[in-house]
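Chain letters run A, B, ... following the sequence lines, proteins first and then strands; every chain starts at 1.
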Amino acid sequence: MSKLPDEDLEALIGSFERSDWREMHLRMDGVDLVLSKDREPRIERSASISLAPLSFRPHSAASAAAPTAAPAPKAPIAVEIPDGWLQIKSPTLGTFYRSPKPGSPPFVEVGQKVTPDTDVCLVEVMKLFTTVQAGKTGTIRKVYPADAELVEFDQPLFLVEP
Amino acid sequence: MTHNPSTTRLYIANRGEIALRVIRAARLLGIETVLGVSKADIDSVPATEASRTVVLGPAAPRLSYLNTGLVVHAAKATGCSLLHPGYGFLSERAELAELCEEEGITFIGPTARSIRQVGDKLSARAAAQAAGVPITVGSQSIQDTTQALIIANQIGYPVITKASAGGGGRGMIVARNADTLRRNFDVAATAAREAFGDGTLYLERYVETARHIEVQVMGDGAGRAFHFGERDCSVQRRFQKMIEESPAQILPSRVRKRLHQCATDLLASINYRNAGTVEFLYDVDRQEFSFMEVNARIQVEHPVSEEVTARNLIRMQIELASGRLPPLTQQSIHVNGHAIEARILAEDPQRDFMPTPGRITKWQEPRGDGIRVDSALRSGASVPPFYDSMIAKLVVHAGTRAKAIDRLRWALDQFVIEGVPTNIPLLKVIVDHQDFRRNQITTRWLEDTLLPSFRGAEAIANG
């Protein structure tokens, strides 16, 4: 169980107070923090962001994409989607991780049912981890990127059959 | 795709014509390029010419080009060992240079320390003073209106307020008397705070017959600096340059020589690395120049220096950063003829320079000896509304200033851009004006003399 250092907590609260956000929900390994400027918080899970614990490097960040990797093909590969099926797309450019930490099982497997608030993967940008949620209901039919692969903004990550 | 592990790869943290320049310069050196683009630039010309393009984020710059973490992540994950920041966007953010260094990426530009040192105007003034460079009569940072009034009395009116944290006209107010200063000091401080997050102001003497003259420098990072001549950028509107030329013919040769010496002395004294520009204000009446600021990046108007010195500065930047640049000597850098650049903007001068984004239906560039167009646009391309309105740089080079002006005038006539209104009609009027031809202009000329008559003429023509 990791603990949030006091100075980090103070910095977080300070940033939150100066921001125009009404609420903030922070989930880290072992820490679940809700900040709200309202008396009755109404946290929406889909708006929450997970930060990597400072002491814990779950993945060797971008080292997976070794500098020797050749530039990928320029044109995105056209993906056939059956009628009515949906895609979960990446909210940012970053490194795609299927599991919450190395060695642990993936968030979701092919064939698994998801609801809008199911966590499906992490996308990491310079050690800042964003949890991506399904945002839709259905069954995972395909995982497009490989684990630890660079994904781009708006790139399809999962195929979902409603 | 086959891959040679020894290939060097360069990330471009920019868009538009400068991204294209960097891609092409890298290609000359056998270096692969990765361009990070926003969603709005996926089909841009630079995106098709880069070895690889990655999509950073949505169109808004803050979510794409201005996001330091995203940019460095993209550079690292695509295996880039070099990063060129271009101009604008993150080019003068010390955090970017710092983050690159931490991640083992060579930042093509000065060190984070230099960026900070010259980025803060007061510390830049101190460095200039220490290097023996004349500085404008001015003050340290000022607390409030009362203190401003006292200091203004010591300097003598007119004075100009300037923001310690940045330029571009924000926080600048000219006061010709105490009353104006009293009424506007807080307004200027607020403007500076809004633009730069820091409302600190200082005062300088305001020179009425001023020209903006700057020196292009390249530093080796080890205490040596070389200049590539100077540029006169006095045709400005709201402190934004519209026409730049090299050399600055207004300068007597002894003043020019001293100007070059001051610029190189300053950047050498701080061990400045890579391309930088030292900007001066030149007082035509007194034949005196004084230091204004250092721009710690390659600038928009660098092509006029490239034309007169026959050097590819972007290529040199990459070579210097990657240790491939043969040692420079000042004696080997010569200035030949005269070059002028006109910035073509997607702005409508008849509607108070309102930006005019849209789809370009026809794009026909002028061609000929001594004519160069730096642009990332073509027929069918779009000018997105999210970014800077500059769509092309038209650069001419000829034996003399008069010939260069004639060539520019001809080239402006030949440049066909349809679909978005541009400032080309205004540029033609500037180039035709006798004040411009006789080189009798100041930094106030465009706004105070030309634009009022331009608007009047338009009103008559349309009336």
CZ/B/Arg113: more than 12 non-hydrogen atoms of other groups inside 6.0 Å: no
Atom of A/Leu150, atom of B/Ala77 and distance for their closest heavy-atom approach: CD1-CB, 3.7 Å
Atom pair CG/OG1 of B/Leu70 and A/Thr92 - distance to nearest 0.5 Å: 4.0 Å
Options B/Ser38, B/Ser64, B/Gly104, B/Pro58, ranked by heavy-atom pairs under 4.5 Å with chain A, top entry: B/Pro58
Heavy-atom neighbours of B/Asp144 CG exceed 12 at 6.0 Å: yes
Euclidean distance, A/Thr95 OG1 relative to B/His73 NE2, rounded to 0.5 Å: 2.5 Å
Side chains of A/Met126 and B/Lys76 in contact at under 4.5 Å (non-hydrogen atoms): no
Distance in Å, B/Ile42 CD1 paired with A/Asp154 CG, rounded so as to fall on 0.5 Å steps: 7.5 Å
Exceeds 12 heavy-atom contacts within 6.0 angstrom, atom CD of A/Glu161: yes
Any A/Gln155 side-chain heavy atom under 4.5 Å of B/Val55 side chain: no
Closest heavy-atom pair and its distance - A/Glu152, B/Thr53: OE2-O, 3.8 Å
Proximal component of B/Leu63, with respect to chain A [non-hydrogen, under 4.5 Å]: neither
